[in-house]
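Report on the following structure.
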Amino acid sequence: MGFPGQGMMRPVVRIGIGWLCLSLGLLILGLTGGILRARWRGTIAGFPPPIPWSGEPRVGLNLYLFGQNPEDRRQDLQQVRGLGISRIRVFFPWSAIQPTRDRWDWSEADRVMADIRAAGLEPVVVLGGSPVWAARRIGPMAPPLDPGDFARFAGAFAARYGSWVRFYQIWDEPNLTIGWGGGPPDPAAYATLLRAAAAAIRAADPDAVILLAGLAPTVEQGPWNLADWLFLERLYQLGARESFDIVAAKPYGFDTGPEDRRVDPEVLNFSRAILLREVMVRYGDEGKPLWASHWGWNALPPGWSGRPSIWGQVDEATQARYIREAVERVRREWPWMGTMFLESWRPDAPPDDPRWGFAMVDPRGRLRPAAEALRAVANGAVFTPGYYPAAIPQAEGSGYGPPPGAQYEGAWRFSTLGADIGREEGDRLRFTFEGTGLALRVRRGGYRAHLYVSVDGQPANRLPRDARGAYLILTSPDYATPEVVTVPVAEGLPYGLHTVRIEAERGWGQWALVGWSIAGVGPDPLRYRLALALSLLGVGIGGWLLVTGLARARRPPLQEILSVIAHRLGLWGAWGLSGLVYAGMWWISLEPWGLRRAGEVGWLGLGLALSGLFYLAPRVALTALAALLLLMVLIRRPSLGLALTAFWAPFYLYPKPFFQKAFPMNELMLLLTAAAWILHRGIRWGRGKGGAGPGSRPIAGC
């Protein structure tokens, strides 16, 4: 049984309809895959695994305290604490603490540490900046000639402040010439420095957590500036992974908001953090978190007369909105992201420095809208998608306690192992989460105990039930071997806020509750399956029509199809069809969810204009000039050539006369595109070999 009237269908019509169905099926399949990849890239399907030092506090703040007026410093710290911030990032210059090989001056560092401690804030200390006697070259961030000198300083710092400090960051922006003392970045030299410093710090402070230097965003690939993702990849290749516990990115937003989902080595935006995360996953280091040592949007005031911003520019209201939306996106989609240190409270810079565009306060000390946005997102009392330990370290040596937002009732105890149930009945836990599912990480063993779990007042839907409710068995399967497992207790919930109640029955002394994992939102399976079904249907019908049409065709199908199209459409019809094709190319260039790539429409228009001039030019000189200009455009945007090739396809039978011959325009566009791509790759390779020079200013962070 076939299609109605299939015997009357001409082969060319059959082939045309088949080609259309096949193309539509493949287009739907490609668009579905592209949208899913763009929308969900960087997310974790299901329940996120344990990743230490991820989760709350999601938001921190950069402060420049060393050398600041003591009264101003204490006032700034109190204001920051008042915004709800609990963790700050502070730079401690080696050059000021050890000005000569045999002279140490801890006075200012002691005062800064004492003020931070008095304000109840947790510092992430950044160590860097060689003194003149130790520097390899003259420069504020010059690396040391002997990494052992820096390691001795780092070890001495950890020995002095280890009881107050948990997080140590080694250097800043070593992937830029300005972060490496004016010389070309050297991943091998930084890896050597990192190994030496990490070993010295860990020897003095066994509980230390080592952060990799904050890697600045740049698209350059050497020698004077090296792309952040490429620098990180080199470190993994050099075997440096054991020398750090946390990777640090600088996902500034530049000119687009946090919902700009392009993840591209050539694009600087907030989503660039995903590039670094993918490098970590590629080298098997997904068990570590990624932090943001700097991020934000620059908002200089109207009428700014200082130096222009190299980080893009938005207004203050947009800056505040982007900060809120960025934190919301991270909490919803990036469970691997830890603390993000917003740049900054106030910069250590003169009033005409564009870094004031990031500041939470203006030069007179007045709060800007960004500070209120920071206050709004600082409180993380609701657990968002990610993994959370049942117990976390408390302030300065006071042991372990519940994470913010977890309400324990009864005689629970807390340690590095998690939460331990008390001997008396009535131990309970309540918390609120935002997501679609909940899993509990528990320690099972040779003991009899249960956890009764309800979500939104109903028994958890993935657990067995008895008369009391839904229960999780804490006994190991063989009643002997202890094991730590993650057990889903609720799934398929509508994304939103949900309240959990857990009640313990027996199990004291076993440290049964290790943590919990919150599942986030993922691709809609119904929509995905519908799109897949439509694409397969189109491919199936199209393939059948193509095969049967080709079998019945009396002459080459391409010639017959083009002949029919050309004679039916004519020249003006070809122009109209090309316009539709070009409009489709413009639509496809739109980012998923309606976000348009910056400047893409302009490039499309320019390509159309130059190719049209090339086609219609009456003289050889004008034709050659148009071809040269078009080649220059395609070198900058090689992908534009594919759109132009598709645009000129309906003109196949209206070729371009050239040197007493005629050439189809789509073939000419394809040749120009191939040439442009070769030149584009050659230029990039040449830049990678020759570099931009030490005087060039990188596009990078603070």
Side-chain angles (χ1 to χ4, degrees), residues 40-58 87 124 166-170 191 194-195 198-199 201-202 206-215 228-229 231-249 251 263 273-293 330-340 383-393 400 403 415-418 435 437-443 482-488 511 513-520 522:
W40 305 110
R41 192 170 176 181
T43 62
I44 295 178
F47 294 104
I51 301 177
W53 312 296
S54 61
E56 303 297 334
R58 290 286 191 187
R87 187 176 288 167
V124 173
R166 183 166 39 147
F167 299 101
Y168 303 81
Q169 188 167 30
I170 309 303
L194 175 66
R195 286 192 190 97
I201 291 172
R202 288 166 175 166
D207 296 326
V209 180
I210 307 297
L211 277 75
L212 195 68
L215 300 178
D228 40 3
W229 65 271
F231 192 93
L232 178 61
E233 189 169 64
R234 299 271 175 86
L235 291 178
Y236 279 116
Q237 292 168 353
L238 291 164
R241 61 180 292 175
E242 299 303 324
S243 297
F244 60 86
D245 304 301
I246 298 172
V247 175
V263 181
I274 297 175
L275 274 180
L276 276 71
R277 180 63 186 175
E278 289 176 345
V279 172
M280 297 172 67
V281 173
R282 191 156 59 245
Y283 284 90
D285 220 11
E286 63 270 21
K288 293 177 183 176
L290 178 72
W291 284 17
S293 68
V330 168
R331 284 177 169 155
R332 187 176 62 246
E333 300 179 15
W334 296 354
W336 39 264
M337 178 65 79
T339 306
M340 305 190 301
F383 294 98
T384 52
Y387 174 80
Y388 300 87
I392 62 173
Y400 279 72
S415 75
T416 56
L417 298 175
L438 169 69
L440 296 181
R441 191 164 177 82
V442 296
R443 181 174 285 103
E483 60 178 3
V484 175
V485 294
T486 300
V487 182
W511 300 96
L513 185 58
V514 180
W516 50 86
S517 183
I518 310 298

Notebook entry, point to check: So, for P50 and R441, which heavy atoms are closest and what is the spacing to 0.1 Å?
Noted result: CG-NE, 3.6 Å
Notebook entry, point to check: So, for V514 and V442, which heavy atoms are closest and what is the spacing to 0.1 Å?
Noted result: CG2-C, 4.1 Å
Notebook entry, point to check: Y283 vs Y236 aromatic rings, parallel, tilted or perpendicular, using cut-offs 30° and 60°?
Noted result: parallel
Notebook entry, point to check: Does any non-hydrogen side-chain atom of D207 lie less than 4.5 Å from one of R166?
Noted result: no
Notebook entry, point to check: L194 versus I210: any side-chain heavy-atom pair under 4.5 Å?
Noted result: yes
Check: Going by heavy atoms in the side chains, are P335 and I518 under 4.5 Å from each other?
Finding: no
Checklist line | Approximate separation, where rounding is to 0.5 Å, of S243 OG and L238 CG | finding: 11.0 Å
Next item on the list: Could you walk me through whether I44 and E286 pass the side-chain contact (heavy atoms from CB on, under 4.5 Å) test, one step at a time?
Entry: CA-CA 11 Å; I44 295 178; E286 63 270 21; over 6 Å; no
Next item on the list: Can you measure from CH2 (W334) to CE (M340) and round to the nearest 0.5 angstrom?
Entry: 8.0 Å
Notebook entry, point to check: Could you walk me through whether V124 and T339 pass the side-chain contact (heavy atoms from CB on, under 4.5 Å) check?
Noted result: CA-CA 10 Å; V124 173; T339 306; over 6 Å; no
Note to self: A side-chain contact here means heavy atoms from C-beta on lying under 4.5 Å apart; do V487 and F47 qualify?
What the structure shows: no
Margin query: What I'd like to find out is whether the side chain of P389 reaches to under 4.5 Å of the side chain of Y400, using heavy atoms alone.
Written below: no
Note to self: Quick one: does any side-chain atom of Q169 pair with a main-chain N or O of L212 as donor and acceptor, under 3.5 Å?
What the structure shows: yes
Check: Is the shortest heavy-atom distance from the side chain of V247 to the side chain of V279 under 4.5 Å?
Finding: no
Check: Nearest 0.5 Å, what's the CE-CZ distance between M337 and R331?
Finding: 13.0 Å
Note to self: Rounded at 0.5 Å granularity, tell me how far CD1 in I170 sits from CD1 in I201.
What the structure shows: 3.5 Å
Next item on the list: Drop me the distance from L290's CG to D285's CG, to the nearest 0.5 angstrom.
Entry: 11.0 Å
Notebook entry, point to check: So, the side chain of R41 versus the backbone of V263: is there a donor-acceptor pair under 3.5 Å, distance only?
Noted result: yes
Next item on the list: Measure the NZ-CG distance between K288 and L211 for me, rounded to the nearest 0.5 Å.
Entry: 11.0 Å
Margin query: Please identify which of these residues, W336, W53, F244, F167, meets the ring-ring contact (aromatic ring centres under 6.0 Å, His included) condition with W291.
Written below: F167
Next item on the list: Specify the closest pair of heavy atoms between P48 and S517, including all atoms of both residues, with the distance to one decimal.
Entry: O-OG, 2.8 Å
Next item on the list: Work out which heavy atom in P488 is nearest to a heavy atom in A439; give both atom names and the distance.
Entry: CA-CB, 3.8 Å
Item checked: Nearest heavy-atom neighbours spanning L215 and D228 -> CD1-O, 3.6 Å
Check: So, for Y387 and W516, which heavy atoms are closest and what is the spacing to 0.1 Å?
Finding: CD1-O, 3.3 Å
